[in-house]
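In what follows, a single structure is set out as structure tokens and then discussed.
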2 protein chains.
Amino acid sequence: MGPLDGYLPYLLNRAGSRIATAFSEEVRPLGATLQIWRVLAALRERDGCRMGDLSKTTSIEVSTLTRLVDGMERKGLVARRRGDADARAVFLHVTLAGRRLTHRLVPIAERYETVALQGFDAREAEMLKAYLQRLFANMDGLKNTHRRRG
Amino acid sequence: MGPLDGYLPYLLNRAGSRIATAFSEEVRPLGATLQIWRVLAALRERDGCRMGDLSKTTSIEVSTLTRLVDGMERKGLVARRRGDADARAVFLHVTLAGRRLTHRLVPIAERYETVALQGFDAREAEMLKAYLQRLFANMDGLKNTHRRRG
DNA sequence: CACCGTTATTTGCATTTACAAATAACTCCA
DNA sequence: TGGAGTTATTTGTAAATGCAAATAACGGTG
């Protein structure tokens with residue numbers, strides 16, 4: 001065990017990408033991808049949200065999200081709807097097909113959560129999650145610090 | 001706070017990508033990228049390791065790594081060396097310029113660790129790291145399960 | 001030694017990604 | 001009302017990515 005194993009961003013990335021690739025591989029036969037799942041999961045939580053919000057909750061860059069949503073629209077999973085109060089905004093809605101796909105993905109996602117947390121008792125799992133929330137909040141705090149100061 | 005905030009892979013990805021983008025942005029002026037840092041960090045721990053090992057420790061897909069290393073070689077940061085015992089293997093070595101860049105990146109990386117863990121006491125930080133190690137081990141356990149069974 | 005299956009790395013190619021610029025629509029204020 | 005400055009999304013374009021196929025070299029066996 002070298003110094004890397006004590007370096008938090010490394011541990012974070014290692015764990016995250018391991019889950020990501022495993023999940024991706026598993027949902028591919030369903031015609032889904034990890035990014036598609038992220039969008040569907042976000043919409044499951046709040047349907048009809050705008051591109052910008054979706055970008056924030058999924059951590060997918062907006063321009064990337066645009067094209068991802070293009071594809072999902074072509075597949076009939078979601079539908080864009082221009083805002084009527086504010087015509088700049090675009091609201092994204094899941095379609096029936098999208099909901100069906102979501103229903104197939106949810107149990108897989110749940111299983112991954114279970115597997116990832118194997119050997120954790122409830123208290124430990126909660127602590128890990130709370131730590132990750134705090135970590136994120138810390139990073140969120142200095143958002144744009146680097147650019148804005150210049 | 002919706003169900004997503006209790007979903008571990010989501011929290012992991014959110015925290016990880018936030019750190020990743022912030023770090024990337026910061027090292028860009030130095031002519032570095034996050035991926036370059038990952039390679040240099042891995043080599044700092046163990047110089048002269050093979051492409052395959054490097055792929056594992058950095059979580060960068062081998063074919064991606066090949067091209068990344070091409071670029072780093074062009075920049076004079078690393079040097080490939082064909083194995084003499086096994087001519088299939090390629091061993092990667094940091095050059096002087098690579099070490100110099102590493103020295104400039106290390107303090108930045110350390111700062112990110114500090115910022116990410118702001119408000120954590122030593123015990124909490126250690127627990128978080130230990131949890132992430134366990135999480136990774138859990139995922140590592142079922143590596144390739146999906147494909148091999150077929 | 002020649003062949004076969006395996007392993008390490010690279011290459012081909014289509015897709016995904018990100019930054020920056022463009023577009024479109026808003027708000028505010030003179 | 002008519003800019004000026006801002007915000008939301010998309011598009012242009014170059015680079016990064018990942019899968020699958022290709023290449024190269026290994027180990028063992030006949």
Side-chain angles (χ1 to χ4, degrees), chain A residues 13 16-18 20-29 31-39 48-75 78-92 144 146-148, chain B residues 13 17-18 20-29 31-39 48-75 78-92 144 146-148 150:
Chain A
N13 174 252
S17 50
R18 178 53 55 85
T21 49
F23 184 86
S24 296
E25 192 175 304
E26 181 146 351
V27 300
R28 192 153 29 134
T33 65
L34 176 56
Q35 301 295 64
I36 286 179
W37 159 245
R38 286 188 175 134
V39 169
C49 72
R50 354 167 111 204
M51 299 294 287
D53 299 333
L54 208 53
S55 168
K56 283 186 199 96
T57 88
T58 57
S59 306
I60 299 172
E61 218 271 331
V62 280
S63 72
T64 303
L65 187 63
T66 287
R67 286 177 258 243
L68 175 60
V69 167
D70 288 347
M72 291 179 70
E73 219 175 2
R74 260 181 264 120
K75 290 186 179 201
V78 295
R80 276 185 173 94
R81 187 171 166 192
R82 206 95 221 177
D84 20 275
D86 183 344
R88 290 170 303 178
V90 167
F91 298 90
L92 205 63
N144 294 328
H146 187 244
R147 278 202 170 282
R148 284 208 208 280
Chain B
N13 174 252
S17 49
R18 177 54 55 87
T21 49
F23 184 87
S24 297
E25 192 175 303
E26 181 146 352
V27 301
R28 190 150 33 129
T33 65
L34 176 57
Q35 301 295 64
I36 285 179
W37 159 244
R38 285 188 177 134
V39 169
C49 72
R50 350 168 116 205
M51 299 294 287
D53 299 333
L54 209 52
S55 167
K56 283 186 200 96
T57 88
T58 57
S59 306
I60 299 172
E61 219 269 333
V62 280
S63 72
T64 302
L65 187 63
T66 287
R67 286 178 262 240
L68 175 60
V69 166
D70 287 348
M72 292 179 70
E73 220 174 2
R74 262 182 262 118
K75 291 187 179 200
V78 294
R80 276 184 172 93
R81 188 172 165 189
R82 206 97 220 175
D84 20 276
D86 183 344
R88 289 171 303 178
V90 167
F91 298 90
L92 204 62
N144 293 330
H146 187 245
R147 277 203 171 282
R148 285 206 208 281

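All of these numbers come straight from a predicted model, not from anything done at the bench. Residue numbers begin at 1 in each chain, while the letters A, B, ... track the order of the sequences.
- Rounded to a whole Å, the CG atom of A/L68 is 11 Å from the P atom of C/dA18.
- Between the CH2 atom of A/W37 and the P atom of C/dT16 there is a distance of 19 Å, rounded to whole Å.
- When the C1' atom of D/dT10 is taken as reference, atom CG of A/D70 falls 9 Å away, rounded to whole Å.
- Toward the 5′ end of DNA chain C lies the nearest nucleotide of A/R67, the other residue of the pair A/R67 and A/G83 mapping further downstream.
- Mapping A/T33 and B/S24 onto DNA chain C via the closest heavy atom, the residue that lands nearer the 5' end is A/T33.
- For the OP1/OP2 pair of D/dT17 and a distance below 4.0 Å, the side-chain nitrogens and oxygens of B/Q35 include at least one atom meeting the criterion.
- With distances taken from any side-chain atom of A/M51 to the nucleotides D/dT10, D/dC19, C/dT10, the minimum falls on D/dT10.
- To the nearest angstrom, P of D/dA8 lies 9 Å from CG of A/D53.
- At least one side-chain nitrogen or oxygen of A/T66 sits closer than 4.0 Å to the OP1 or OP2 atom of D/dT10.
- Within the 4.5 Å cutoff, the side chain of B/R50 has no heavy atoms near those of the B/V90 side chain.
- Residue side chain B/R88 does not reach the base of D/dG27 through any donor-acceptor N/O pair under 3.5 Å, judged by distance alone.
- Side chains of B/K75 and B/I36 form a contact here, defined as non-hydrogen atoms less than 4.5 Å apart.
- One finds no side-chain N or O of B/R82 lying less than 4.0 angstrom from the OP1 or OP2 phosphate oxygen of D/dA25.
- In terms of phosphate contacts, A/T64 brings a side-chain nitrogen or oxygen within less than 4.0 Å of OP1 or OP2 of C/dA18.
- Between the side chains of A/E61 and A/S63, a donor-acceptor pair is found at a separation under 3.5 Å.
- We find that CZ of B/R28 is positioned 12 Å from P of D/dA16, with the value rounded to whole Å.
- For the OP1/OP2 pair of C/dA8 and a distance below 4.0 Å, the side-chain nitrogens and oxygens of B/R50 include at least one atom meeting the criterion.
- What separates CG of B/L65 from P of D/dG18 is a distance of 11 Å, to the nearest Å.
- Looking at which nucleotide of DNA chain D each of A/T21 and A/D86 is closest to, the 5′-most match is held by A/D86.
- Side-chain atoms of B/N13 and A/R38, non-hydrogen and from C-beta on, do get closer than 4.5 Å to each other.
- For the pair B/I60 CD1 and D/dA15 C1', the interatomic distance rounds to 15 Å; values are reported in whole Å.
- Counting only heavy atoms from C-beta outward, the side chains of A/R80 and A/D70 approach each other to under 4.5 Å.
- Atom CZ in B/R74 sits about 11 Å away from atom C1' in D/dA15, given to the nearest Å.
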